[in-house]
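Note that these values count all heavy atoms, side chains included, but never hydrogens, waters or copies made by symmetry. The first residue in the sequence is number 1, and the count goes up from there.
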Amino acid sequence: MSAEINIVPKLFKANSQKFGKKIAMRHKNYGLWDEVSWSDYYKNAHQLASGLLELGVGKGDFVGILGENCPEWLYIDMATQMLGGTTVGIYTTNAWEQVQYVVDHAGCKILFAENEEQVDKWLRFRKDSTHLEKVIYWDDKGLNEIEDVQLLRYEDIVKDGADKLSQNASAIEALSDQVHKDDTAILVYTSGTTGRPKGAMLTNRNLIWAAAAFAAIDDGKNMRPTEEIMSFLPLCHIFERTFSVYLHIYMGYTINFVESIATVAQNLREIHPTVGYAVPRIWEKFYSQIYIRMEDADWLNRKVYKMALSVSQKYLDKKDAGKTPGPFLSLGNMIFQRGVFYYLKERLGMEKMRYAFSGAAPISPEILKFYRQIGLTLVEGYGMTETSALITFSSPNDFKFGTVGKAYPDSELKLSDEGEILSKHDGVFKGYYKDAEATANTIIDGWMHTGDIGEIDEEGFVKIVDRKKDIIITAAGKNIAPQYIENKLKFSPFINDAIVIGDKRKYLSAIIVLDEENINKFAQDNKVQYSTYADLAENGEIRGLIDKEVNAVNKVLARVQNIRKYTILNKRLYQEDGEMTPTMKVKRNYINSTYSELIESMY
């Protein structure tokens, strides 16, 4: 896999030539899936690099990308790095003030803005960001009539680059040759759960080490060059960037871009990926859909489904205990897997998945166990932006529920005296851009201080207890990990989010956000009158339903972990309101501050 190359643009060139006419990516165009070969991937990026060179982009320049997942995103990423520049991904869901912060903090010379909506954000701050020389859009709907010397069409830049490629090719090659393995390849801004996001500098060495480390899992059998994967998480997040860009160019499999986040379920049924990966919220959503669908089935199908789950679990229990399941149990499991679960997965588009990953946030072990019951091994990994997404891994052949796996080969892992997880490997970032103090507090003697409290068992499996800053210390001095309780609550198909409260308090309470889709169905099935989400949140029957869900969780928790009181929030949580990150993690500090009166009312 050209493992000896540790410069991203050089690896890209070498492997594009190696993979040639093989399909690199697919994307929807007028309802049909268009294919892009590796040769065309390189050609498109090379022509764009030529066009950017004409605009004066060179070594050390920062180029922002503000757009949804699509081939153009990848062309821009590779073209920028061919010239020795650094790409800066920006979330499309960011408000214009947040976009301006990233553009200004990074000092972007060029900003690629996908469409009219994203260009409008730039127009709000253009007068204050004089360092930004050009803004380039690739979806021209609503923008064709605008004449602005600073605003350019993507197609025009590519055409100009293609026309001048013969004279620019040697200059592009020379700039690629100047790239060093420790140069910053990408600047990834953290989600900012506690204040302003910080720009993590990831180098060529970091990114290629991470790709090679992931590809080497299970002696290289974990991921194959023949994989079909689906790209739908934000590309400016390191989780998606790893799979859709760097592991992609390292291994040469095929990525398929969804049309939008709203069409994920539909596109999943069209693509039938061989490996799945997503944040916990996605896996939880699919689980709750299956649960509700089966609860709504006729009595025969419901009975068969529950029997299939029971037989599957008995079969797995035997296997996990190191015993050989009996012939009747094995036959029963095979029949149910092929006759029930295969068709269930086929309707979802998951029947070809050999296994799947969950990352970027904790997930309930019950969710993982459910997917294994239906024949899909879903495992957890653990990493951070600052470690190029990798700290620990699980594989279908080596995992343990409730843990995030083991440390990668050629990496070191230990716990501090306080139980904080410390990691050291070649994927640990160079530091935070323009923030030497934060860097010094994070990387100490080469060790990345993760901020996560954890445990390591005798087999080397790592368990995440919680974020160090999120640990609740009750008035009685008991240490409580809120994420564990929250994941138990979120296993309910009727609860979308749960935020546990209790620091310096006599008991724990929770703010609960309803799963709107499943609650709506419950309300309709039970003839509950409502007009809005707020009506449901305040309805007595809905309160009774959530009471049962909370009580069920309390029964499996230690008494000190019990939720004594809770409030159903009468609104959803939105990133636009500052309540969630773009990767759907709750901003705990913001919630505590914004809903302080509501919290106090529970005490």
Applying salt bridge (Lys or Arg N to Asp or Glu O under 4.0 Å) as the test, list every pair that has at least one member in residues 427-454; sequence neighbours left out. D452-R467
Polar side-chain atom of S593 near backbone of N589 as donor-acceptor pair, under 3.5 Å: no
Applying salt bridge (Lys or Arg N to Asp or Glu O under 4.0 Å) as the test, list every pair that has at least one member in residues 81-91; sequence neighbours left out. none
Do you see a donor-acceptor pair shorter than 3.5 Å between the side chains of E380 and S394? no
Taking the six-membered ring for Trp, are F243 and H248 ring centroids under 6.0 Å apart? no
Backbone N or O of L66 within a donor-acceptor pair of the Q118 side chain at under 3.5 Å? no
Check whether the ring centres of F62 and Y433 lie less than 6.0 Å apart, and answer yes or no. yes
Cut-off 3.5 Å, no hydrogens considered: what does the side-chain donor-acceptor table look like for residues 405-413, sequence neighbours left out?
from	atom 1	to	atom 2	distance (Å)
K406	NZ	D398	OD2	3.2
S411	OG	Y408	N	3.3
S411	OG	Y408	O	2.4

Using the side-chain hydrogen bond (donor to acceptor under 3.5 Å, both in side chains) criterion, which residues pair with S260? Sequence neighbours excluded. none
Do other residues, nucleotides or ligands put more than 12 heavy atoms under 6.0 Å from K424 NZ? yes
Side-chain donor or acceptor of D160 paired with backbone N/O of G51 under 3.5 Å: no
Could you state the interatomic distance from CD1 (I208) to OH (Y250), rounded to the nearest 0.5 Å? 9.0 Å
Within the distance-only criterion (no hydrogens, no angle test), does the side chain of S244 pair as donor or acceptor with the backbone N or O of S231 below 3.5 angstrom? no
Going by the side-chain hydrogen bond (donor to acceptor under 3.5 Å, both in side chains) test, name the single residue among K198, H105, H237 that passes it with Y189. H105
Pairs involving residues 92-117, ordered by first then second residue, that meet salt bridge (Lys or Arg N to Asp or Glu O under 4.0 Å) (sequence neighbours left out): D61-K109
Quick check against the 3.5 Å criterion: does Y590 have a side-chain atom that pairs as donor or acceptor with the backbone of D577? yes
Hey, is NZ on K571 packed in by over 12 heavy atoms from elsewhere, all under 6.0 Å? yes
May I ask you to check whether F214 and F393 place their ring centers less than 6.0 Å from one another? no
Taking only residues at least two apart or on different chains, which pairs with a member in residues 381-390 satisfy salt bridge (Lys or Arg N to Asp or Glu O under 4.0 Å)? none
Is there a donor-acceptor contact under 3.5 Å linking the side chains of S50 and N168? yes
CD1 on I238 to CG on L207, rounded to 0.5 Å: 6.0 Å
